[in-house]
Every structure is written in structure tokens, then in C-alpha cells.
4 protein chains.
Amino acid sequence: MKLRVDLNSSIPATRQIAEALRVHLVEGSLRPGAKLPSVRRLAMELGVHFNTVAEAYRQVASEGWLDLRHGRSATVIERAAPAPRKADLAEYRQRLRELISQMRAKGVSQSKIAEELRCFAEELKS
Amino acid sequence: MKLRVDLNSSIPATRQIAEALRVHLVEGSLRPGAKLPSVRRLAMELGVHFNTVAEAYRQVASEGWLDLRHGRSATVIERAAPAPRKADLAEYRQRLRELISQMRAKGVSQSKIAEELRCFAEELKS
Amino acid sequence: MKLRVDLNSSIPATRQIAEALRVHLVEGSLRPGAKLPSVRRLAMELGVHFNTVAEAYRQVASEGWLDLRHGRSATVIERAAPAPRKADLAEYRQRLRELISQMRAKGVSQSKIAEELRCFAEELKS
Amino acid sequence: MKLRVDLNSSIPATRQIAEALRVHLVEGSLRPGAKLPSVRRLAMELGVHFNTVAEAYRQVASEGWLDLRHGRSATVIERAAPAPRKADLAEYRQRLRELISQMRAKGVSQSKIAEELRCFAEELKS
DNA sequence: GTGGTCTAGACCACG
DNA sequence: GTGGTCTAGACCACA
């Protein structure tokens, strides 16, 4: 498992790590039963404080992906996929619309954005 | 032009207003030359402090959408699209990826997400 | 409103502050609508870091006592008293039994403990 | 003597074991002279690592309840009740107050709480 | 060895 | 002015 974090990015390291973990979890490269590296080890590898990693683990655990208990290493657990609520979908659509507005506001062209979206859509197909 | 803000929401009012403006600007319901309501009037309508609206106007203006000068009403301007910085693009891609992971974590199926993305991409083409 | 915290105590300041707030809230000296002092002001008064107070506020707010929103001062809110669940009562009884065992283990005499308990019971009557 | 520990509980095993022992010791079901099961045996029964049991024994022993020596089984001893330190008493009073606030916050009525306290006080008298 | 807590300081966002 | 976030370091608790 390899995680990339960019310490110079304006996106906080905690969020980057949590997000990278979610990607692995969602995509199946981290399966139930797998043990994550210890917070301290991963922190050293990434060049961040161990609390930064610990917080990321906690966030992901609070979403039901990890069993995180004192003294034991963090373990991926079987996770009952919740049924998506309609309200959630509407909210996500709204957030997507806002994200696109922001991109256009920052000067990214419509065609470039459309290309990005299609690119992600393709990735999901596989 | 109608803006919806929910004062009880945990999303801060400033951001809600700025987002709503951006959506209108980007989607064309606010065209160059259009005049926005005065800060105080809009504030009264929305039930927020006028500074809150002023801050939202300033944010949107700083992105090049508005001509904001003392004594005149805020006017939408034809804006030279700023060159998107590479770092920005990377950040937006990251945020998009994150949004998608969250949707999947919430139980939205891959195909459903892909469909949403393509749908937005189509809208942008036109 | 006066809060006492003992920085030399082994009990963490955050917990002491949260607890002191709870006592005021439960006993009615902080009523719905009342505004708490700002985290920074209270922190200065108590001689702790403002984050310590902020965390205490957050804990109490998460129990439904406070309206805690960015930029506004913390306000006591009307709180629907939840119906006590039976399981809760059993748990509290267990915790009380454990607390008493610990006191006896530390050398506090039975009669002294009984006296304490009766003393608290009296306070509650009024 | 039977101890219940719940390995799935968020309460750590060590604490659960130590608490359970204290309750037995204080309430008299473990009297001076009684021998506790060996660390390994109890650990096996409870399904925990023997170090976990050993740590619990050590904690209880450090409070003067047990004679814990290499090669002999842990034995309950007649203990000279240690003099309670004033600071301890204050801390316990604080914890009791905290427990009561929590009960009230959870919706348990004052009179119900007072009744519980008096009930425990009576038990101690005998 | 593991993860967790508490405190702290620099900086940010909101009104 | 308000509260909040992020990172950090010393120390603690658990297995």
C-alpha cells in the first residue's frame, strides 16, 4: 500500500491521508482483515507527526472502515455498505455543482472540466 | 435572481452566498452588465448582517466576476478568464476524487456516480 | 458564573471545566439564552490555553446544552431532557459501585463514604 | 469467584478485570487468605493475554490487597488500610459529582438519584 | 510494541 | 470580536 501526500499542498495532511486510505478501501486494495501500518511507522514514512496519521485513522474508523483499539494495530473490518439515502444524493449533486463553479471561477475552461469529469467516469467503469 | 441560504445550516452564511452567486454567474443567469442588489438590501432579504453579504461579494469580486466600487452597485463584468494555475487544477482533481470516494462510502454505486459525472460533463459542453 | 479548576490536580483541565459547566447547567444557574464567556476570556481567567476551554465547550455542546457556532458566542439552548433508558441506569449503578470500591481500596472508610453519599443525596433533595 | 469481561467493550480488559477484583475484595467475597487463580489460568478462562491479567493483579496488589510473589499464587492479605490522602478524597468527591451530573443530563430525576445514593450508603453501613 | 490524551501555538474562518 | 483547524510534543494506557 502506498500513499502519496504533498506536504506543500494547501490541503491538510490529515485529510490527504484519510482520503488516500478511503480510496484504497473503496477500491479494494485494502480488504477486511488487513492490518494498517502503525501510526508511528506510517508517520515516519510520510514525514508527518504521528498524531496527524492517528487523526486520519480515527476519521476513517469513524466511518466504519477500521477497528481501532488501544494497543492493537488498526485493522480493516467488514463494512455493511449503507443504503444511499436520497437526500445524500441530492447533496452530493449540489456539492459537485459547486465544485464545478469554483473551477470555472478559477479559470479552468468548460471543456477542460468536462474532460476531467469524463476521465473520472471512465475510471469508475472498470 | 434568488439565493437560498439556510441560517441554521452548519455551512457558514458567507460561503453559502458566495457559492450561490458563483453558480448563477457560471451558469449564465447573471450576465455581464447585470447589477447585483445592494449589500444592505440583500442582507435584509436573507436575514444576515450586511458584512456577511459584503464579504461574499468581495470573495466573488476577487475572482474577477464583479466590479465593486464605492457608491455604485456591484456590477457583473465581462471577465478575462484568469489562467488556471497548475496547483489549483491538481487540488480540484483531488477534491473531485475525494467527493467520489465519499459517495461510494455512502453506498452510491459506481455506475450511478459515473452517470452523474457524464451528465454534468454534457451540460458543460453546451 | 464562577468555575473552579485546579491546575495541579491530576484531573485534566478540560474535564474539570466541562464538568463545572455541566453542574451549572444542570442546577439551573445557566439557563437557556445565557451566553457563555468567550473561550479566550475564560481561558485567561482560568489560566489555561484557549483550546482547553474550547474543547470543554465542544464536549458540553455535543451533549446538547450549547449552540456553538463559528463567530457567535456560545449560547445555552433549551434542551429536551431525554428519557432515561433502563440500560443507562444499570450502567450508572455499576459505575457507582466501582467508584465506591476504588474509594475503599484507597483507604477511605466505609462510614466516611456513606456519609459522602448521604451528603450528596441531601443536596439533590433541595 | 467469577469475573465478567467483555472483550468487545471499549473499556479495556485490564481495567475491567481490576474493577471486578476490587468489587469482590471490597464486598467480601474474596477474604484474606484466599488464593487467586494463576495469571495464566485466569487469562485463558477470560480469553486475554496473560500480561493483561498480570497487570490487573499488579494494580490491585499495589493498593495493598494482594501478596504477589514469584512462584506463589496471589493471595489476598489482611491489609492495613492505607491512610486516604486528602487530595484523593477531593478527587473522588469530584468524580461522584461528575457521575451525578451525567445521570441528570441523561434524564434521571433528582429524587431517583438521591434514592440510589442512599441505597448504597445503607449497604455500606452493614 | 500498539493507539490515545492532553495541552499548546500558529493560523484560519466567520460575523 | 467570535469559534475552529491543523500540527505538534510530552506523556499515558493497553496488550
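Letters A, B, ... are given to chains in the order of the sequence lines, protein chains preceding strands, and every chain is numbered from 1. Just so you know, these numbers use all the heavy atoms, side chains as well, and skip hydrogens, waters and symmetry mates.
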field: Those residues that, when tested against R93(B), pass salt bridge (Lys or Arg N to Asp or Glu O under 4.0 Å) (two or more places apart)
entry: E116(A)
message: Going by salt bridge (Lys or Arg N to Asp or Glu O under 4.0 Å), name the residues that satisfy it together with E27(C), two or more places apart in sequence or in a different chain.
response: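 Scan of E27(C) (salt bridge (Lys or Arg N to Asp or Glu O under 4.0 Å), adjacent residues dropped) gives none.
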Most 5' of I11(A) and T52(D) on DNA chain F, judged by nearest nucleotide: I11(A)
query: Which residue, A13(A) or R15(D), contacts DNA chain F at a nucleotide closer to its 5' end, judged by nearest heavy atom?
result: A13(A)
Residues in side chain to side chain contact (heavy atoms under 4.5 Å, CB included) contact with [X], at least two apart in sequence or another chain:
X	result
Q102(C)	E19(D), R22(D), Y92(D), R95(D)
Q16(B)	V5(B), D6(B), S9(B), I11(B)
H70(C)	none
V108(C)	M103(C), K112(C), I113(C), P84(D), L89(D)

What integer distance in Å separates [X]:[atom1] from [N]:[atom2]?
X	N	atom1	atom2	answer
D67(C)	dG3(F)	CG	C1'	12 Å
L36(A)	dG4(E)	CG	P	12 Å
Q59(A)	dG3(E)	CD	P	16 Å
I17(A)	dC6(F)	CD1	P	12 Å
L42(C)	dT2(F)	CG	P	12 Å
E55(D)	dC12(F)	CD	C1'	12 Å
N8(A)	dT7(F)	CG	P	13 Å
K35(C)	dG15(E)	NZ	P	14 Å

query: Could you give all pairs that pass the salt bridge (Lys or Arg N to Asp or Glu O under 4.0 Å) test and reach residues 34-45 of chain C, with sequence neighbours left out?
result: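 Salt bridge (Lys or Arg N to Asp or Glu O under 4.0 Å) check on residues 34-45 of chain C returns R41(C)-E45(C).
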- prompt: Side-chain donor-acceptor pair under 3.5 Å between S10(A) and E91(B), yes or no?
  reply: yes
Ion pair check, R15(C) and E98(D), cut-off under 4.0 Å: yes
N/O donor-acceptor pair, side chain N51(A) with base dG4(E), under 3.5 angstrom: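 Between dG4(E) and N51(A), which were checked side chain against base, a qualifying N/O pair under 3.5 Å is absent.
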Mind listing the N/O atom pairs, protein and nucleotides 11-13 of chain E, below 3.5 Å?
unit_1  : atom_1 : unit_2 : atom_2 : d
dA13(E) : N3     : H70(C) : NE2    : 2.8

Report yes if at least one side-chain N or O of [X] is closer than 4.0 Å to OP1 or OP2 of [N]; otherwise report no.
X	N	answer
S38(C)	dG1(F)	no
T14(C)	dT7(E)	yes
R58(C)	dG4(F)	yes
R72(A)	dA15(F)	yes
R69(C)	dG3(F)	no

field: Sugar-phosphate only, base, or nothing, as touched by H49(A) at under 4.0 Å among non-hydrogen atoms
entry: base
- prompt: Any side-chain heavy atom of L42(D) within less than 4.5 Å of one from Y57(D)?
  reply: yes
- line: Output row for DNA chain F, stems defined as at least 3 consecutive Watson-Crick or G-U pairs under 3.5 Å, is E:1-14 with F:1-14
